[in-house]
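Counting starts at 1 for both ligands and their atoms, following the listed order.
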Amino acid sequence: MGDGRRRTLHAPRTWWQWLHLALVALVIFSLLSPATSICPSRCSCRDETLAASCVDAGLEVVPIQLNPDVQVIRLSGNRIANVHYTLSFYTSLRVLDVSQNKISSIGAKNFEAQSKLEHLNISFNIISTLGKDAFRGLRALKVLDLSHNQIETVERGSFKDSNAVQLIDLSHNRITSFEDPTVFKDITTLQTLKLNHNQIIDVPSLLLKNIPGPCALETLTLNDNLIEVIEDRSFPAPCSASLKVLTLGSNVIKEIEKSGFNTLHSLSSLDLSYNNLTYIPTQQLSKLNLLSYLDLSGNTFHSVKPVAFQSLFQLSKLKISRLPHLNWVDSRAFVDNIKLDTIHIDENPELHRMPTRIFHGNPHLSHVSLRDNSLTTVDVSHFPLDRLRSLDLSGNPFNCNCSLHWLWKLAQAESQLPLRDNFLNQGNETGPDIQPQLRIVVKNLKCASPESLADHLLIEIPESTVSCETTWLTVAIILALVLALFGATCVVLLLFSSEKRSSCWCRRKASKNGPEPESDGRRLASGLVAPPGPPPILMLMPDKHYRDAILSNYSMKGGHDSDMKLAEPWLNGDVRNGGNDYSPLDVTSSRSKPHVVYV
Ligand SMILES: *[C@@H]1O[C@H](CO)[C@@H](O)[C@H](O)[C@H]1NC(C)=O
Ligand SMILES: *[C@@H]1O[C@H](CO)[C@@H](O)[C@H](O)[C@H]1NC(C)=O
Ligand SMILES: *[C@@H]1O[C@H](CO)[C@@H](O)[C@H](O)[C@H]1NC(C)=O
Ligand SMILES: *[C@@H]1O[C@H](CO)[C@@H](O)[C@H](O)[C@H]1NC(C)=O
């Protein structure tokens, strides 16, 4: 049959058509009037848009009886085995989708008539080789999707004519290397090259080097390959300077040479996730001055050291998740990353604690996720809560004691705002009247201990289990303050009534002991009592146990040396432990500027 076809190639056009019509078992009507365009059953054709769609139509060949002016043909999900000779009818084609078929070869020169074709999708077929002249004639081609085939070899000259291409997707093939590193040498327009999921063992630096400058390449994806080392020369000019997005995830990278990334002056997004890095390549990354997205998840480093992301001043999104060995993040880890907006530190089973104030140097931080780690507690001071927009702490084995009261309260507030939720879910987060507010993930925010609360959701447990019994404490503080005020009033009254007597007495005493000190209470006091070390501080104890004793002291012993009273600690609000641990006289405290009172 194939031979027959070849022999009839130069036969009159009607014969050529007739053969193919027979091949696809067309109705006799169309055989009699070949110029009429026919829409095969299970296809839909729209003459007004010049588009034909035969998706999942069980076709085994490209239909040839469509409107010859058709611009869009969609044939995905059929059983088409090749595109040999069948496309020459459609010279106006702009879009051709033959993805998900059984094409094993695209042969040579089968697209010669498609000088207007811009979008060619041959993904999900079984092509193994791209031969010379495979895309001959595709001068307008912009998007070429060859992903999910079995391509091992890309021969010299495969892309010779396609010098307008912007995107080439060769992902999910079997490429180990490019035999001819100059295959893209005519494509000055190439912006995106996808090489994910192949068997590439080195960054194809020669390929990059041979793309003519000024290089337009902005995106290079190399996820799921077998790259072990990023070398100093992996990313050569001219394309190194234009590259903005680079993905190297799921390789086996264990080493990045010192200047491996030094040439990537424009890089803004870098994926190094799921490699074999045992350290954070701080120095290698530090040259990426424009980097705003970095993913280092799934590597094997143990800690995030101080200033681990040095000089990455533009970094706004950072992911360090799924690190099986991560057990420590330094409190100064992110100090250089002043633009940090979103951070994910999720699913790190060895991460049991976080340092306090870790994000306080990141004024733009608004989304924090610490999901599914092994944190047993989190201090409120970890987070700049006033700036945060979302916080996910779910899936940690929290010890639900009163250290988590703050989180309990935030979770309650979250679950009680369905109205706001509705509003926000409409996608308008910054409506006129609603301030952006902190969102807490309450689902799976659970307690692991104490045992009585194990596996309970934090929002479901009563407040008393996480409150720090502040009620009696508050009462005690208020009581102590009242007593202190009362005491102070007494002191002031006594001071007034004894001022004359006291100052006469002082002058008398001072003239005996030498020159009169400055009229400053403290100096006067040291002149009189002269204790070594810190200034003498005497304190009136605002506790009800001592109140009566002190007050009776005043009335009984007024005017004696040892009865100088300092009425300061409670005026500073310094009432420790609700006033219960005070000794009535505390002379060791060295508070600022004591207030000496004579009675
Ligand atoms: C090509 O087709 C596949 C499957 O039909 C689809 O997933 C893919 O997005 C298409 N590629 C482009 C570039 O449109
Ligand atoms: C990389 O890490 C994976 C999983 O951690 C491991 O199985 C593999 O042996 C490592 N490969 C190399 C080359 O170190
Ligand atoms: C609450 O539990 C955490 C973790 O076990 C512990 O570090 C913290 O000291 C506890 N807080 C209080 C107030 O007991
Ligand atoms: C959000 O609200 C603003 C002003 O109220 C409006 O201009 C904008 O279109 C809204 N956006 C969405 C996604 O609804």
* **Salt-bridge contact Asp330-Lys305 (side-chain N to carboxylate O under 4.0 Å)** => no
* **Residue of the set Thr176, Ile175, Asp180 for which side-chain contact (heavy atoms from CB on, under 4.5 Å) holds with Phe178** => Ile175
* May I ask you to check whether Thr377 and Asn399 show a side-chain donor-acceptor distance below 3.5 Å? => no
* Taking NZ, NE, NH1 and NH2 as the nitrogens, is one of them in Glu218 or Lys244 under 4.0 Å from a carboxylate oxygen of the other? -> yes
* To do: Identify the protein heavy atom lying closest to atom 4 (C) of ligand 1, giving its residue, its atom name and the separation to 0.1 Å.
  => Gln100 NE2, 3.2 Å
* At what distance is the nearest protein heavy atom to atom 13 (C) of ligand 1, and which residue and atom is it? -> Asp145 OD2, 3.7 Å
* How about atom 9 (O) of ligand 3: does it have a protein heavy atom within less than 4.0 Å? -> no
* Please identify which atoms of ligand 3 are closer than 4.0 Å to at least one heavy atom of Ser403. => 1 (C), 8 (C), 10 (C), 11 (N), 12 (C), 13 (C)
* To do: For atom 6 (C) of ligand 3, grab the closest protein heavy atom and report residue, atom and distance to one decimal in Å.
  => Asn401 ND2, 4.1 Å
* **Any His119 heavy atom less than 4.0 Å from ligand 1** => yes
* Shortest reach to atom 14 (O) of ligand 2 by a heavy atom, considering only Thr278, Asn251, Asn276 -> Asn276
* To do: Tell me which protein heavy atom sits closest to atom 5 (O) of ligand 3, plus the residue, atom name and distance to 0.1 Å.
  => Asn399 ND2, 3.0 Å
